[in-house]
Amino acid sequence: MPYGYVFPVLPSITNYLTFIESHDLVIIGGGPGGYVAAIKAAQLGFDTACVEKRGALGGTCLNIGCIPSKSLLNNSELFERVKKEGATRGINIPGEVTPNIVNLMKEKDKAVKQLTGGVEILFKKYGVKYYKGNASFIDEHQIKVDPIEGGEEAILDAKNIIVATGSDVSPFPGITIDEERIVTSTGALSLKEIPKRLAIIGGGIIGLEMGSVWNRLGSEVTVVEYQKAIGGAGMDAEVAKNIQKILTKQGMKFKTGAKVKTGVRNGEVVDVEYEDAKGKTQKIEADVLLVAVGRRPYTEGLNAEKIGLDFDKKNRVVIDSQYQTNIPHILCIGDVTFGPMLAHKAEDEGIAAVEFLKNGFGHVNYNNIPAVMYTHPEVAWTGQNEEQLKEAGIKYKTGKFPFLANSRAKTIQETDGFVKFIADADTQRILGVHIIGPNAGEMIAEANLALEYGASCEDVYRVCHAHPTMSEAFKEGAMTVFGNPINF
């Protein structure tokens with residue numbers, strides 16, 4: 001070693017286990033937004049890394065949200081239909097039909113494992129470097145990864161960074177979650193037995209889907225909702241009113257315009273106290289209480305304050321139209337920033353953000369993001385609802401076609417609900433579509449396509465739809481706005 005050699009000064013956090021890796025793009029979070037962005041970036045030629053602390057890719061959606069809930073929704077619906085409708089449909093099953101909670105959970109877990117593992121395979125296929133650990137900012141370009149599962153500590157030097165840390169369940173003031181008797185959606189997906197009585201705080205999509213699962217399996221379900229109507233943000237008021245009637249017929253109970261005051265576990269029961277719409281104090285005793293009052297952006301442990309990332313009053317990361325934060329090479333997508341907390345919204349943002357980095361342009365149409373509630377029947381919508389159009393002073397016309405008049409729906413005994421179109425009163429341009437009915441979540445894609453290309457009602461109903469299909473109700477729904485349908 002030559003005389004006078006000066007040893008380099010390493011960062012204080014570096015130790016003999018730490019290694020430094022350089023990447024064109026580092027994505028913090030492996031949920032729907034983060035993993036899609038990582039794959040797209042690799043496809044476009046970026047040296048890409050993704051940091052995920054859960055130990056399994058896919059985020060809340062694949063692990064404890066969309067995917068496991070849909071497994072339970074599907075299988076609980078199969079159970080209920082076999083039990084209640086088997087004989088009338090010509091299916092004789094000897095003995096009593098009963099749910100097997102152990103196998104229901106095994107099927108759910110199998111789906112989760114297959115899909116999360118599938119994302120990891122895609123990372124290997126496209127050359128995305130996957131770091132299992134907690135990410136935190138050292139400075140504007142360096143990220144520290146604290147490993148899980150016995151991995152090595154790392155410092156990642158990134159030319160560009162995308163924050164995709166998602167969201168977490170919102171707490172309810174004064175109510176302590178134990179994920180046994182007082183649960184979030186996470187606990188509601190993993191109950192070890194069917195509660196005789198299930199109380200739910202929150203009549204949004206999560207509450208209604210979880211309520212549907214356990215109602216089908218035998219629970220007495222009571223939903224306590226602060227608003228005067230149930231349903232998710234953007235749900236048309238007429239649709240919300242109708243789905244509440246349908247779910248009530250299925251056995252669910254609703255207390256709307258009600259303010260929960262307390263929820264306390266007392267041994268094996270939970271005592272819930274709320275103020276009803278008339279201001280009177282009421283009580284519910286439940287075996288399990290599900291707190292489903294929404295979600296909030298998640299940035300815990302990110303050390304974002306050290307680099308000065310801007311946040312708004314709702315603790316969302318502030319971004320511009322190109323997903324850039326106040327630090328231009330740090331972008332942000334998904335639940336941790338503005339907009340609806342939906343997996344497909346995050347996915348599209350992930351692609352758009354990477355395209356901005358590569359080409360300088362990308363696109364997400366925030367006026368045409370579908371929402372789906374996977375109750376039975378399903379509820380789906382896109383575009384604007386009547387309340388929004390009235391507030392904006394836009395003249396519109398509506399039309400509805402009931403599934404009761406649809407031949408396919410009749411043959412499979414799925415006649416609840418309707419397809420509702422909302423169109424500009426002068427131009428016939430479609431402004432919104434709202435569906436209650438079988439396969440609404442699939443059918444809404446045609447509405448998204450119509451809105452994206454500025455279609456009119458006539459454009460839709462002049463397209464030949466196969467017979468007999470549920471999609472014919474979509475076609476005839478378009479007919480009803482400015483004319484008459486054929487079959488109703």
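Throughout, residue positions are numbered sequentially from 1 according to the sequence presented. Quick caveat: nothing in here was measured; it's all calculated off a predicted structure.
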Interatomic distance, [X] atom [atom1] to [Y] atom [atom2] [nearest 0.5 angstrom]:
{"X": "Asn74", "Y": "His376", "atom1": "CG", "atom2": "NE2", "value": "10.5 Å"}
{"X": "Ile319", "Y": "Leu331", "atom1": "CD1", "atom2": "CG", "value": "8.0 Å"}
{"X": "Gln324", "Y": "Asn160", "atom1": "CD", "atom2": "CG", "value": "9.0 Å"}
{"X": "Ser71", "Y": "Glu107", "atom1": "OG", "atom2": "CD", "value": "6.5 Å"}
{"X": "Thr186", "Y": "Ile177", "atom1": "OG1", "atom2": "CD1", "value": "10.0 Å"}
{"X": "Ile200", "Y": "Thr222", "atom1": "CD1", "atom2": "OG1", "value": "8.5 Å"}

Just do the side chain to side chain donor-acceptor pair (under 3.5 Å) check on Gln384 and His434 with the steps written out, would you?
CA-CA 9 Å; Gln384 295 169 289; His434 304 262; over 6 Å; no
Name the orientation class of the two ring planes belonging to Tyr131 and His23 (parallel below 30°, tilted from 30 to 60°, perpendicular beyond 60°).
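Perpendicular: the ring planes of Tyr131 and His23 meet at over 60°.
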Report the relative orientation of the aromatic rings in Tyr366 and Tyr323; use parallel for angles under 30°, tilted for 30 to 60°, perpendicular for over 60°.
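If you compare the ring of Tyr366 with that of Tyr323, the planes turn out tilted.
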Check this for me, if you would: do [X] and [Y] make a salt bridge, where the nitrogen-to-carboxylate-oxygen distance has to be below 4.0 angstrom?
{"X": "Glu414", "Y": "Arg408", "result": "no"}
{"X": "Lys132", "Y": "Glu149", "result": "yes"}
{"X": "Lys420", "Y": "Glu238", "result": "yes"}
{"X": "Glu180", "Y": "Lys192", "result": "no"}
{"X": "Lys196", "Y": "Asp287", "result": "no"}

Taking the side chain from [X] and the backbone from [Y], do they hold a donor-acceptor pair closer than 3.5 Å?
{"X": "Asn100", "Y": "Asn103", "value": "yes"}
{"X": "Glu220", "Y": "Arg197", "value": "no"}
{"X": "His329", "Y": "Glu140", "value": "yes"}
{"X": "Trp381", "Y": "Ile436", "value": "no"}
{"X": "Asp146", "Y": "Gly133", "value": "no"}
{"X": "Ser219", "Y": "Pro195", "value": "yes"}
{"X": "His141", "Y": "Asp157", "value": "no"}
{"X": "Arg265", "Y": "Val288", "value": "no"}
{"X": "Asp178", "Y": "Arg181", "value": "yes"}
{"X": "Glu225", "Y": "Gln227", "value": "yes"}

State, yes or no, whether a side-chain contact exists between [X] and [Y] at a heavy-atom distance under 4.5 Å.
{"X": "Ile182", "Y": "Ile175", "answer": "yes"}
{"X": "Phe421", "Y": "Ile435", "answer": "no"}
{"X": "Ile194", "Y": "Pro99", "answer": "yes"}
{"X": "Val354", "Y": "Leu44", "answer": "yes"}
{"X": "Phe137", "Y": "Lys306", "answer": "no"}
{"X": "Phe361", "Y": "Glu355", "answer": "no"}
{"X": "Glu378", "Y": "Met373", "answer": "no"}
{"X": "Ile369", "Y": "Leu342", "answer": "yes"}

Partner of Thr184 under side chain to side chain contact (heavy atoms under 4.5 Å, CB included), chosen from Ile206, Val293, Ile64, Val169
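Single pass found, and it is Val169.
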If you count heavy atoms of other groups shown closer than 6.0 angstrom to [atom1] of [X], is the number above 12?
{"X": "Arg429", "atom1": "CZ", "result": "no"}
{"X": "Phe356", "atom1": "CZ", "result": "yes"}
{"X": "Glu442", "atom1": "CD", "result": "no"}

Would Leu73 and Glu209 count as a side chain to side chain contact (heavy atoms under 4.5 Å, CB included) if you check the C-alpha gap in whole Å, the side-chain angles of each, and the deciding distance to 0.1 Å?
CA-CA 7 Å; Leu73 280 159; Glu209 288 186 353; 3.9 Å; yes
Considering non-hydrogen atoms only, spot the tightest contact between [X] and [Y] and give its length.
{"X": "Ala41", "Y": "Leu25", "answer": "CB-CD2, 3.5 Å"}
{"X": "Ile330", "Y": "Leu309", "answer": "CG2-CD2, 4.3 Å"}
{"X": "Met105", "Y": "Leu189", "answer": "SD-O, 3.3 Å"}
{"X": "Pro68", "Y": "Cys61", "answer": "CD-O, 3.7 Å"}
{"X": "Thr337", "Y": "Val317", "answer": "OG1-O, 2.8 Å"}
{"X": "Thr325", "Y": "Cys332", "answer": "CG2-CB, 4.0 Å"}

Run the side chain to side chain contact (heavy atoms under 4.5 Å, CB included) check on Asn215 and Gln250 step by step: do they pass?
CA-CA 8 Å; Asn215 177 59; Gln250 293 175 7; 4.1 Å; yes
Checking side chain to side chain contact (heavy atoms under 4.5 Å, CB included) for the pair Leu247/Thr375: CA distance, chi angles, key distance, verdict?
CA-CA 9 Å; Leu247 294 177; Thr375 49; 4.3 Å; yes
Side chain to side chain donor-acceptor pair (under 3.5 Å) between Lys108 and Ser190: does it pass, once the steps are laid out?
CA-CA 9 Å; Lys108 175 205 69 172; Ser190 300; 3.3 Å; yes
List the steps, then state whether side chain to side chain contact (heavy atoms under 4.5 Å, CB included) holds for Asp335 with Tyr298.
CA-CA 8 Å; Asp335 288 4; Tyr298 182 85; over 6 Å; no
Residues two or more places apart in sequence or in another chain: which of them pass side chain to side chain donor-acceptor pair (under 3.5 Å) with Thr382?
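Thr382 satisfies side chain to side chain donor-acceptor pair (under 3.5 Å) with Asn368, Asn448 once adjacent residues are dropped.
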Could you check His467 against Glu472 for side chain to side chain donor-acceptor pair (under 3.5 Å), going step by step and ending with a plain yes or no?
CA-CA 7 Å; His467 173 79; Glu472 289 177 288; 3.0 Å; yes
Pair His465, Glu446 - check side chain to side chain donor-acceptor pair (under 3.5 Å), show working.
CA-CA 11 Å; His465 288 62; Glu446 185 176 355; 2.7 Å; yes
